[in-house]
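Structure first, then comments.
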Amino acid sequence: MFDTQQPDLARDARHLRLDTLVRLRWLAVAGQGAAVAGAHLGLGLPLPFGWCFLVIAASSWLNLTLRIRYPASHRLSDDAAALLLAFDIIQLAALLFLTGGLQNPFALLFLAPVLISATALPPARTLALGLLAVGLSTLLALVYRPLPWFAGQTLELPFLYVSGVWTAILLGTAFTGVYAWRVAEEARQLAQALAATELVLAREQHLSQLDGLAAAAAHELGTPLATITVVAKELDRQLGPSASPSVAEDLALLRDQVERCRGILAKLTSLDADQGGFIETISLSHLVEELVAPQRALGIILDVTTKGDGPEPACRRNPGVMFGLGNIVDNAIDFAESCVSIEARWGPERVSLEIRDDGPGFAPEVLLRVGEPYVSTRSATKAGPEGGTGLGLGLFIAKTLIERSGAQLNLANAVDPSTGAVVRIVWPRHVFEREAKGHRNPGTGGGAPLTQARDVPI
């Protein structure tokens, strides 16, 4: 099986670029400066103008320091990013303290750093930043400078209103943090799972290209091998009558090895020539046997049944589908107590494959979320051969690859008195056989072009 566990890559993909936070902070500095200048110079509100710009300048100095110290492409660790976002929260709290506390309508900007953290940092850091924002907002509800207002007038909002603003910040921090984290996490998982799928397919494609490489090698090696054969025969003809026993033995060995090389090259050439036959086209029963053959020595009973109406269907070999089916068979054997049954059926309209084991069956969360990446069928009691429990990508990759062939994949648990998991895969017969028929009859121009991504023949 292809190793899709790449924790280091996953962690690196989560890390924020320093340039992102620096640009966002410049935007915040510009907005804060415009708001303070507009309120003091435009509206004439008596706010501590110097102190406010000193607080805003602190963000500017931090940005300039980061720009000088690090390149724009530098990626921050989780702790460093959390510290920078904590600075933004504290800087905003200091600015709000000077301008009315929670009576200032800009108090809702406490949500911005928490939202950024939820989309890019682990939940623990987001929780810490959320608690910091809520704690500072609680302090600002009690301790603050009066809200700047027009000369000769005072504006003191009731404490009930301030409590409502505090409640809005609390609920907004919790809701937007959880919501943004969930959406971003699903997007990250899907992107990583698709990347793993592409790696698997690329590996399978490289393996399938070895057939053409072998044929090319056989073609190129044919001429020098023929020359060696002629030279060996000429030496045997000239030295044979008078050759010593050791030379005669060496000549015989040379002839044998030349014949062996010719046989190997003939096989490699026949692989390329016969790809339209048994190499690329495979019957349903042979497909099933190819899936179970590597598993027969594992101590699990494999009960294979093939039956149907009419002639047995054949399909074109697809490494992606073979990988997906092999993954499902591997899982069934891993979880089975003693037996795995594989039943292949066909009829005029459908071709189906059912894989059933006598193990504990699928967990409820797997059945509810089948098809989603990072939903693992393995628990701590069913660890892999290396002791890990896996990332849960196997089922997602298998389902994706099989459904691309035009099949439908259904997962279920067997009902009493039987136990275990049941995986049923069903293809429309014309989809299953289409490319195989087109390949057996090249003069017809092959099958009709595919119009849907899910109708890729196997």
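Predicted, not measured: the structure shown is a model, and the values here were computed from it. Sequential numbering from 1 along the given sequence is applied to the chain's residues.
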Can you list the steps and then say if Val340 with Val329 is a side-chain contact (heavy atoms from CB on, under 4.5 Å)? CA-CA 9 Å; Val340 172; Val329 173; 5.7 Å; no
Please evaluate residues Glu354 and Arg424 with respect to the criterion salt bridge (Lys or Arg N to Asp or Glu O under 4.0 Å), reporting the C-alpha separation (whole Å), side-chain torsions for both, the decisive distance (0.1 Å), and the verdict. CA-CA 4 Å; Glu354 184 176 282; Arg424 182 174 175 81; 3.5 Å; yes
Verdict with supporting geometry, Ile333 and Asp357, side-chain contact (heavy atoms from CB on, under 4.5 Å): CA-CA 7 Å; Ile333 291 174; Asp357 64 70; over 6 Å; no
Please determine whether side-chain contact (heavy atoms from CB on, under 4.5 Å) holds for the pair Thr173 and Leu111, giving the CA-CA distance in whole Å, both sets of side-chain angles, and the decisive distance to 0.1 Å. CA-CA 6 Å; Thr173 299; Leu111 301 180; 3.2 Å; yes
Carefully, step by step, assess Leu21 and Ile116 under the rule side-chain contact (heavy atoms from CB on, under 4.5 Å). CA-CA 9 Å; Leu21 288 185; Ile116 295 173; 4.2 Å; yes
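In His74, the NE2 atom is crowded: over 12 heavy atoms of neighbouring residues, nucleotides or ligands sit closer than 6.0 Å. By the neighbour-count criterion of 12 heavy atoms within 6.0 Å, atom CD of Glu349 is sparsely surrounded, having that number or fewer from other residues, nucleotides or ligands. Crowding of Glu249 atom CD: a count of heavy atoms from other residues, nucleotides or ligands under 6.0 Å not exceeding 12. The environment of Arg345 atom CZ is sparse: at most 12 non-hydrogen atoms of other residues, nucleotides or ligands sit within 6.0 angstrom.
To the nearest 0.5 Å, the span separating OG1 on Thr20 from CZ on Arg75 amounts to 7.5 Å. Here the CZ-CG distance, from Phe87 to Leu62, works out to 5.0 Å after rounding to the nearest 0.5 Å. Rounding to the nearest 0.5 Å places CG of Leu115 at 12.0 Å from CG of Leu109. Here the CZ-CG distance, from Arg23 to Leu18, works out to 11.0 Å after rounding to the nearest 0.5 Å. The structure places CG of Leu24 at 11.5 Å from CG of Leu84, a figure rounded to the nearest 0.5 Å. Atom-to-atom distance recorded for Arg429:CZ and Arg350:CZ is 13.0 Å, nearest 0.5 angstrom.
The shortest non-hydrogen separation linking Asp78 to Pro122 is OD2-CG, 3.4 Å. Pairing each heavy atom of Trp181 with each of Pro123, the nearest pair is NE1-CG, 3.4 Å. Leu102 approaches Val165 most closely through the heavy-atom pair O-CG1, 3.7 Å. Taking all atoms of both residues into account, the shortest heavy-atom contact from Ala118 to Ala180 is CB-CB, 3.9 Å. Considering every non-hydrogen atom in both Val431 and Gly406, the closest pair reads CG1-CA, 4.2 Å. Across every non-hydrogen atom of Gly324 and Ala398, the tightest pair is O-CB, 3.5 Å.
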Residues 132-139 side chain polar contacts: donor-acceptor under 3.5 Å, at least two apart:
from	atom 1	to	atom 2	distance (Å)
Ser137	OG	Ala133	O	3.2
Ser137	OG	Val134	O	2.7
Thr138	OG1	Val134	O	2.8
Thr138	OG1	Trp166	NE1	2.6

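When atom types are taken as modelled, the side chain of Asn413 and the backbone of Phe362 share a donor-acceptor pair closer than 3.5 angstrom. For the pair Glu312 (side chain) and Ser285 (backbone), a donor-acceptor distance under 3.5 Å is present. For the pair Asp358 (side chain) and Glu337 (backbone), a donor-acceptor distance under 3.5 Å is present. A donor-acceptor pair is defined here as one N or O able to donate and one able to accept, closer than 3.5 Å; no such pair exists between the side chain of Trp346 and the backbone of Thr306. The backbone N or O of Ser117 lies less than 3.5 Å from a partner atom in the side chain of Thr126, making a donor-acceptor pair.
Among residues two or more places apart in sequence or in another chain, the side chain to side chain donor-acceptor pair (under 3.5 Å) test is passed with Gln408 by none.
Annotation: salt bridge (Lys or Arg N to Asp or Glu O under 4.0 Å) contacts involving residues 111-129, sequence neighbours excluded, comprise Asp79-Arg125.
With contacts defined as side-chain heavy-atom distances shorter than 4.5 Å, the pair Leu287/Val321 does not qualify. Within the 4.5 Å cutoff, side-chain heavy atoms of Arg67 are placed close to those of Asp19. Looking only at side-chain heavy atoms (C-beta outward), Phe323 and Leu401 come within less than 4.5 Å of each other. No side-chain heavy atom of Leu254 sits less than 4.5 Å from a side-chain heavy atom of Gln257. Inter-residue side-chain proximity for Glu343 and Asp303 is flagged as unmet; no heavy-atom pair is nearer than 4.5 Å. Between Leu108 and Ile169 the shortest side-chain heavy-atom distance falls below 4.5 Å. When side chains are defined from C-beta on, Cys315 does not count as touching Leu284, because their heavy atoms never get closer than 4.5 Å. Residues Val423 and Asn331 form no side-chain contact, since every pair of their non-hydrogen atoms from C-beta on lies 4.5 Å or further apart.
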